Amino acid sequence: MATAPSNIHFSGLAKCLIQQGLLSEEAATQAIQEAQKNKLPFVSYLVKNKQVDSRTLANLASAEFGVPLLDLDAVDLGGVPVKLVSEKLIRQHHALPLLKRGNRLFIATADPTNFQALDEIKFHTRLNTENILVEEEKLIKAIEAALEAVDTSMGNLLDEDLDNIDISSGDDRPVEDVVTSDVDEAPIVRFVNKILLDSIKKGVSDIHLEPFEKKFRIRFRTDGILQEVASPPVSISNRIISRLKVMSKMDIAERRVPQDGRIKMQLSKNRAIDFRVNTCPTLFGEKVVMRILDPTSAQLGIEKLGFEEIQQKLFLAAINKPYGMVLVTGPTGSGKTVSLYTGLNILNSIERNISTAEDPVEITVEGINQVNVNPKAGLTFAEALRAFLRQDPDVIMVGEIRDLETASIAVKAAQTGHLVLSTLHTNDAPQTINRLVQMGIEPFNIVSAVNLIMAQRLARRLCEYCKKEADLPDNVLISAGFSQDDIGSFKLYEPVGCEHCNNGYKGRVGIYQVMPISEKMRALILAGGNAMQMADLSKSEGINDLRASGLLKVRQGITSLEEIDRVTKE
């Protein structure tokens with residue numbers, strides 16, 4: 001066993017762990033040094049790096065130091081006096097105030113020898129502090145839950161940072177230039193800023209603010225799932241919504257018709273986040289939905305989208321052809337825009353003239369000519385496409401093919417030496433052909449223009465920290481789509497939930513059906529084949545449909561069977 005350096009003196013839990021044989025002196029020395037370097041409590045470092053189990057550590061500490069062990073699962077975190085201690089101190093020491101009785105404050109910690117935490121909290125609160133021992137893993141969850149419970153409350157928004165956020169309206173004028181709020185409205189301003197900041201920190205895609213008769217609900221859409229995050233008093237709902245309308249340069253006096261606007265939040269010199277804001281009059285007031293537009297989402301790199309190797313090769317081959325059409329299909333929120341922009345970023349070079357028509361432009365990219373279509377002003381997708389064709393284009397991206405006119409121009413552009421990328425709303429790749437025919441595009445034009453059709457969905461990724469192995473009966477696996485030969489050749493996982501994720505999931509992964517238009521497929525299209533026949537032919541050519549691609553992600557341990565059922569069910 002290696003000896004510890006002379007300047008390390010083992011005491012407290014470290015000494016106890018060494019004596020019990022749970023840590024070597026060398027490992028303890030390294031843990032102490034790394035914990036100090038990363039500004040983490042010793043116990044937190046051990047548990048985070050899985051050197052000692054959280055429960056084992058808690059039981060050992062309780063027995064060794066004679067401190068009772070409390071199960072945090074039995075504590076109602078809604079009533080803990082978390083506001084008595086600053087968030088900075090709570091996170092720094094991994095210490096959570098649980099109960100105030102008279103002038104005594106009971107503090108939950110995972111290390112009974114962490115006297116520094118108790119002393120600092122005592123100094124700042126001027127209360128006598130007493131230690132209560134808990135498990136580190138449960139403490140982390142409890143701290144996040146307790147802080148989140150007050151994170152968006154009106155009484156916890158006194159941070160000076162919330163007053164100094166650089167926010168502008170859609171035309172880049174500071175909000176204060178549009179209207180100056182009364183001093184009485186400062187809490188509303190801070191509350192709205194807090195909601196916007198929290199949404200960015202949590203990787204939210206949409207924010208919903210919904211007034212009802214007796215409730216005002218705020219929800220975040222995270223990884224495709226809506227969750228309620230705050231419920232401010234109904235009496236201030238109009239003030240919150242008016243603040244958002246001011247920020248996005250809408251008419252605050254007009255409440256009878258929907259309105260659109262934008263908010264720009266400058267996070268740093270190099271990063272700004274745009275919010276696309278829409279209001280809609282409902283029975284009890286205006287509902288506001290904000291789509292968060294983060295330019296970094298389109299710079300993921302093709303490797304991170306979730307393509308299988310063969311799918312990636314087919315997609316790259318299609319977008320690198322000098323002409324033809326690449327169509328991406330799927331419902332709203334399935335990641336079509338990110339996929340297209342990933343392709344555009346690959347093509348974006350000084351040698352190519354790239355133009356896009358979108359409604360609206362969600363992601364701005366240097367070097368690409370982007371046009372916001374405006375049907376009210378006569379600038380439709382079709383008109384934008386006509387203009388592009390007179391401007392010597394190499395690559396054209398159409399946000400969505402909605403009608404025959406747009407489809408016809410896009411097909412002609414693909415036939416005359418241009419690469420055209422676009423989206424449609426269909427369930428899978430074969431159905432896209434039928435949709436074009438129903439629009440009025442002749443089959444012979446489809447086979448001469450379309451190179452590749454890609455259907456996609458987004459499935460939530462299982463959290464790497466807490467996912468656990470699942471045991472499902474063979475008949476369930478077979479009914480899900482696995483073959484008898486597959487069973488036993490892979491491990492199934494299911495969500496659990498921890499401080500690192502949302503109910504067992506963290507982030508999303510693309511599931512794709514990448515269907516090139518082969519010679520056999522062209523012949524079937526010309527013969528008037530239906531979507532079912534095309535799907536059978538595609539399968540015989542080795543192209544995975546969405547379900548098969550999803551089951552492959554389950555086999556790889558990336559997501560759960562339950563999640564694939566959710567996103568690929570018919």
Side-chain angles (χ1 to χ4, degrees), residues 1-73 85-98 105-125 129-147 463-468 496-501 506:
M1 182 182 294
T3 57
S6 58
N7 61 337
I8 296 288
H9 173 64
F10 297 115
S11 61
L13 263 180
K15 183 178 180 181
C16 181
L17 289 166
I18 294 169
Q19 290 173 343
Q20 293 293 326
L22 293 171
L23 275 184
S24 66
E25 290 189 5
E26 184 181 15
T29 300
Q30 185 180 3
I32 291 169
Q33 291 172 339
E34 288 296 319
Q36 290 172 347
K37 180 180 173 184
N38 292 289
K39 297 181 179 178
L40 278 175
F42 177 62
V43 171
S44 304
Y45 179 83
L46 291 176
V47 173
K48 184 179 180 182
N49 290 277
K50 299 181 179 178
Q51 289 184 263
V52 183
D53 177 67
S54 179
R55 183 184 291 274
T56 302
L57 201 56
N59 288 331
L60 178 66
S62 176
E64 190 71 22
F65 298 100
V67 181
L69 179 62
L70 174 70
D71 184 0
L72 273 176
D73 289 340
V85 182
S86 71
E87 181 177 341
K88 182 180 177 183
L89 272 182
I90 290 172
R91 293 192 182 280
Q92 179 185 340
H93 294 297
H94 279 224
L96 180 67
L98 285 183
L105 185 62
F106 295 88
I107 307 291
T109 69
D111 184 353
T113 64
N114 189 2
F115 303 117
Q116 184 186 355
L118 300 181
D119 289 342
E120 284 197 37
I121 292 172
K122 180 179 180 179
F123 175 78
H124 283 88
T125 61
T129 52
E130 291 194 26
N131 194 3
I132 295 178
L133 183 64
V134 296
E135 288 181 45
E136 170 69 11
E137 284 187 346
K138 291 184 179 181
L139 178 59
I140 292 171
K141 290 181 186 178
I143 286 172
E144 293 301 327
L147 290 175
C463 174
E464 290 298 328
Y465 289 92
C466 67
K467 68 180 183 181
K468 71 173 184 179
V496 178
C498 68
E499 73 275 9
H500 301 284
C501 64
K506 184 69 174 178

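Starting from 1, each residue takes its place in the sequence as its number. What you see is a predicted model, and the numbers here were worked out from it, not measured in a lab. Because only heavy atoms are used, hydrogens play no part in the values below, and waters and symmetry mates are left out as well, while side chains stay in.
Listed by chain and number, the residues in a salt bridge (Lys or Arg N to Asp or Glu O under 4.0 Å) with Lys468 are Glu494 (sequence neighbours excluded). In this structure Lys138 satisfies the side-chain hydrogen bond (donor to acceptor under 3.5 Å, both in side chains) test together with Asp71, Asp73, sequence neighbours excluded. Annotation: side-chain contact (heavy atoms from CB on, under 4.5 Å) contacts of Leu98 (sequence neighbours excluded): Leu70, Leu72, Val75, Val80, Leu96, Ala108, Ile132. Taking the salt bridge (Lys or Arg N to Asp or Glu O under 4.0 Å) definition, one finds that Glu130 meets it with Arg104, sequence neighbours left out. Under the rule for a side-chain hydrogen bond (donor to acceptor under 3.5 Å, both in side chains), Ser86 has no partner lying at least two apart in sequence or in another chain. Residues passing the side-chain hydrogen bond (donor to acceptor under 3.5 Å, both in side chains) test with Gln116, sequence neighbours excluded: Glu120. In this structure Arg55 satisfies the salt bridge (Lys or Arg N to Asp or Glu O under 4.0 Å) test together with Glu135, sequence neighbours excluded. Contacts of Tyr465 classified as ring pair (Phe, Tyr, Trp, His ring centres under 6.0 Å), with partners at least two apart in sequence or in another chain: His500. Residues meeting the side-chain contact (heavy atoms from CB on, under 4.5 Å) test with Gln30, sequence neighbours left out: Glu34. Every side-chain contact (heavy atoms from CB on, under 4.5 Å) that His124 has, sequence neighbours left out, goes to Leu89.
Distance check, rounded to the nearest 0.5 Å: OG1 of Thr109 to CD of Glu136 gives 9.5 Å. If you take CG on Asp111 and CG on Asn131, they are separated by 8.0 Å, rounding to the nearest 0.5 Å. With values rounded to the nearest 0.5 angstrom, His93 atom NE2 is found 11.5 Å from Ile143 atom CD1. Atom NZ of residue Lys467 and atom SG of residue Cys501 lie 12.0 Å apart, to the nearest 0.5 angstrom.
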Inset, instruction - Could you walk me through whether Leu139 and His94 pass side chain to side chain contact (heavy atoms under 4.5 Å, CB included), step by step? - result: CA-CA 7 Å; Leu139 178 59; His94 279 224; 4.3 Å; yes

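By the 4.5 Å heavy-atom criterion applied to side chains, Thr129 and Pro97 are not counted as neighbours.
Residues Leu133 and Ala58 share a closest heavy-atom pair of CD2-O, 3.6 Å.
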